[in-house]
Amino acid sequence: MSLRVYLERALSPEDRRTYETLFTLGPEWKHYSIFLSRGNEYPINGICCYVGSIEEVQTPAEHDLGAGGYLEKLVFFASPNAEIEIIPETLGPEILPPSEKVQEVLDRMNETPLVHPFRFAETGKRDAILLAENGKAFFEISAQSGTEFAAQELQRVLNQATGADFPISSEKKLPQIRLEVFPQSGPDSFQCTGNSDGIVIRGNSRQALLFGVYSFLEKAVGARWYSPRPYGEVIPRLSRLSLPEFSDESTARIPLRKMHYCCPFSSDLPDLKEHVACVADWAVKNRFNTVLERFNAPSDFYSKRGNFLRLTAIPSHNYHMLIPPSVYGESHPEYYAFNQAAGKYQVENSQLCVTNCDVIRIIAEKAREFFRNNPEEPCFPLMQEDGYSLWCQCPECEAVMPTSGGIYSGSTDRNVYLANQVMELIRDEFPDKGIIIFAYSFSVEPPKKVIPAPGVEIMFCFYSDDRAHLRPWESDTVAEYYLRWQEYPDVKLWFYSYHYLFQSLRMSTPDALTGSFRFFETVGMKGSSQESSVSWGTPDAYLIYLGARLGWDPFQDEAVLRKDYFEGLYGAAGAEVQRAYELICDALISRSGKLLYVCWAFFPAISDERIAEIEACYERAAQAVENDPRAMEALKDVRLYFKNLVLTVYAARRIDSYFRSPSPEAYHAAIAALDELDQSCLPLYEQYLLGSRTMMPHWRDGINSDFQRKFPDYAQPDLEHDDE
């Protein structure tokens, strides 16, 4: 059934706006909640968004419905005819209270005590262990075979912190810091105990031992690895290093932790390999336990660190990598999605035909080859294509789950069905291996008919987009969906997080990220995949660092982590930079009545007053660290980014002005602002502070397209933009 919603709003006698949307309802939907929102989202999961029609956006008017006014008409049209009952009592706030089931999880989550990330568990006198004083070491380092790299890292940082030489020796001339491995299965775990007779750091693997060494150095000398930038390693200088008697132990609450780093690997920039190597090393120091994707590491890089898992040799969204259109598109179009409306198979912008026997066989063969070549890997990635790619509507796929609820309904059942079939073909040879798939976009809702087979793992993707402040239980469906996935006893659930808050993607704030990790861990998530970008001068940098810490233990005290990060990385400027950071986070949250209309989307209308307030923080910060070269370099990167953000705001304002009052003059002003914005990206890009030479290219495409349509006869020499 098709349902059209028509809405008319009056802001003033001269400004009456109409909005409409069309979506489909399946026969299984008897009750449907409509969430009124701005933006061009897909109508799924009980959410119907409305936008101004094409005709509406051509006229100058206020398109933000949060601006006020009153509702003149709200009309529903159904085809075929249907009885529609509107229940006023169901109208509610933007954020609904959690259900009883979700509240039970929140209660358990809130009962979990927070952990101080940098404090020893003391068992005796505070100054019981004297390691070094006035450049002289009173301990030596003893290491088992295979733990040499961990011993060298311990030696390097202790030497740098104290100026003393801590020898690596087994002669026992001095009390020892002993490094030991006791192999055990299960999540990474380490123990660290110390008294005047010696210190012992143990791990249940070589990898876990290395994590234990880094944890010891964080607590003992205050060492930090805030970022892979040259100034990101912070090691204090100490004339005296003494420790209390202590007994620490720590186990990763999330067993598998992966950093998905979106870097321009195809770039011709110099020193790219060195940059990625620095990121990989940073990821290890912050306790990710899988390799950095697409990092072509030297042969001994991970082996000396403990042989990390790879997990995804094939990057995300890999349906077409497994069944390449360049290989099969012409000869076997039936391998791809059948488009009912067109009456033919669609190769591009499509998913796979999940019921095609050859597709299943080819993928199973590649999964077998993957496990034969990588026997240590636990699962094979089978990841749907991104975005609005068409799902197959052939009769066999329709039998798996019909698309009566719209062309993207049934996506999850198809996704799971394909994984089940591949799992069935490889189980005889690899009974202990798994297939990992996305619960993402249209497939985030649990399946209605197809039950995941044993061995099928789920990568659950939650992003709040322009509602970056929302935690899972504040979203309309996220917490409920996750709990429903948990009802399948054989399924292992991962959480895919997005560490973006810069201007092109507003997907998470620190509070939302922390809440997400704590909520999903409370209900037993097994893995964390953290998507981050080349954005080390932006608010993202703290989100990337925070995610690494939360991946080990989501219940580390975020307030302590945040204060430590800004004070440690920016020295005497820490408080001012933290204040500026929090102001930026707040400014980048979309709020009703405070939005700019930019190319059929919206951008936060950050005021000049807010910009001036943030800039004043940075001015005071610069004065505070004028004699601290390392902190000044860190601050310099932040200010480069902030300049880029301000230019983004200015460009958004110009584009907003154009759409309200289209004219060649307004168009040229917007293009000039975009040109200036792109110029500001170049130094960021060249220094690995930003992953693109251009910012907001879709803005340029949108305004060019609109201008060509509205002013077709205007003599314009070049509407195209050279991204280089």
Side-chain angles (χ1 to χ4, degrees), residues 146 149 183 185-188 203-211 228 252 254-263 265-266 272-273 275-319 321-322 363-384 419 422-423 426 429-438 455-459 461 492-497 525-532 544 547-548 551-552:
F149 180 77
S185 60
D188 294 323
N204 66 343
S205 66
R206 291 194 300 124
Q207 181 186 82
L209 172 66
L210 183 60
F211 296 151
I254 302 170
L256 295 170
R257 305 171 304 282
K258 177 168 76 79
M259 183 183 184
H260 173 55
Y261 189 53
C262 299
C263 178
F265 287 93
S266 61
L272 177 61
K273 291 182 179 179
H275 166 73
V276 179
C278 290
V279 175
D281 182 62
W282 174 90
V284 172
K285 288 180 166 68
N286 285 283
R287 297 177 208 148
F288 287 102
N289 66 347
T290 66
V291 306
L292 191 71
E293 289 184 39
R294 293 174 286 186
F295 169 44
N296 188 17
S299 59
D300 67 340
F301 183 90
Y302 283 109
S303 61
K304 67 185 181 183
R305 289 168 169 83
N307 290 324
F308 287 32
L309 290 174
R310 185 165 72 229
L311 277 179
T312 49
I314 305 170
S316 304
H317 304 304
N318 67 348
Y319 273 13
M321 295 180 188
L322 296 168
I363 294 175
E365 289 172 357
K366 292 188 176 182
R368 288 178 183 273
E369 182 182 5
F370 174 79
F371 287 128
R372 289 167 187 157
N373 293 333
N374 305 280
E376 75 284 359
E377 302 299 333
C379 53
F380 175 77
L382 180 55
M383 306 293 200
Q384 70 194 61
V422 174
M423 194 72 237
I426 69 171
E429 185 177 354
F430 300 103
D432 299 326
K433 301 298 185 180
I435 302 289
I436 187 166
I437 64 174
F438 274 141
V456 174
E457 302 187 13
I458 306 299
M459 184 79 75
C461 304
K492 292 181 180 178
L493 270 169
W494 289 59
F495 165 46
Y496 195 111
S497 54
M525 72 165 162
K526 303 301 182 185
S528 162
S529 183
Q530 304 184 23
E531 181 177 329
S532 56
I544 298 170
W552 181 270

Scan side-chain atoms only and decide if Q530 and S528 contain a donor-acceptor pair under the 3.5 Å cut-off.
->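 A pair is found: one side chain offers a donor N or O, the other an acceptor, under 3.5 Å apart.
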
Donor on one side chain, acceptor on other, H260 and E531, under 3.5 Å = no

With heavy-atom distances below 4.5 Å as the criterion, would you say the side chains of [X] and [Y] are in contact?
{"X": "M259", "Y": "V279", "answer": "yes"}
{"X": "L382", "Y": "Y319", "answer": "yes"}
{"X": "L309", "Y": "K258", "answer": "no"}
{"X": "I544", "Y": "Y261", "answer": "no"}
{"X": "L322", "Y": "F380", "answer": "yes"}
{"X": "M321", "Y": "M383", "answer": "no"}
{"X": "E376", "Y": "N307", "answer": "no"}

Should we count [atom1] of [X] as having more than 12 external heavy atoms under 6.0 Å?
{"X": "K433", "atom1": "NZ", "result": "yes"}
{"X": "K304", "atom1": "NZ", "result": "yes"}
{"X": "N296", "atom1": "CG", "result": "no"}

From [X] atom [atom1] to [Y] atom [atom2], the distance as rounded to the nearest 0.5 Å:
{"X": "I458", "Y": "I435", "atom1": "CD1", "atom2": "CD1", "result": "11.5 Å"}
{"X": "R305", "Y": "L210", "atom1": "CZ", "atom2": "CG", "result": "7.5 Å"}
{"X": "R372", "Y": "E429", "atom1": "CZ", "atom2": "CD", "result": "4.0 Å"}
{"X": "N374", "Y": "E369", "atom1": "CG", "atom2": "CD", "result": "9.5 Å"}
{"X": "E293", "Y": "C262", "atom1": "CD", "atom2": "SG", "result": "8.5 Å"}

Over 60° means perpendicular and under 30° means parallel, so tell me whether [X] and [Y] are parallel, tilted or perpendicular.
{"X": "H317", "Y": "F438", "value": "tilted"}
{"X": "F211", "Y": "W552", "value": "perpendicular"}
{"X": "Y302", "Y": "F295", "value": "perpendicular"}

Heavy-atom closest pair, residues [X] and [Y]:
{"X": "G186", "Y": "N204", "value": "O-ND2, 4.0 Å"}
{"X": "L292", "Y": "A280", "value": "CD2-N, 3.9 Å"}
{"X": "A252", "Y": "P187", "value": "O-CB, 3.6 Å"}
{"X": "G551", "Y": "R257", "value": "O-CD, 3.0 Å"}
{"X": "A364", "Y": "I426", "value": "O-CG2, 3.7 Å"}
{"X": "A277", "Y": "F301", "value": "O-CZ, 4.1 Å"}

Side chain to side chain contact (heavy atoms under 4.5 Å, CB included) between D188 and R287, intermediate numbers included = CA-CA 9 Å; D188 294 323; R287 297 177 208 148; over 6 Å; no

List the steps, then state whether side chain to side chain contact (heavy atoms under 4.5 Å, CB included) holds for K492 with C379.
-> CA-CA 11 Å; K492 292 181 180 178; C379 53; over 6 Å; no

Where the side chain of R310 meets the backbone of F308, is there a donor-acceptor pair that is under 3.5 Å apart?
-> no

Check: L256 main-chain N/O paired with N289 side-chain donor or acceptor under 3.5 Å = no

T290 and S529: CA distance, side-chain angles, deciding distance, side chain to side chain contact (heavy atoms under 4.5 Å, CB included) verdict | CA-CA 10 Å; T290 66; S529 183; over 6 Å; no

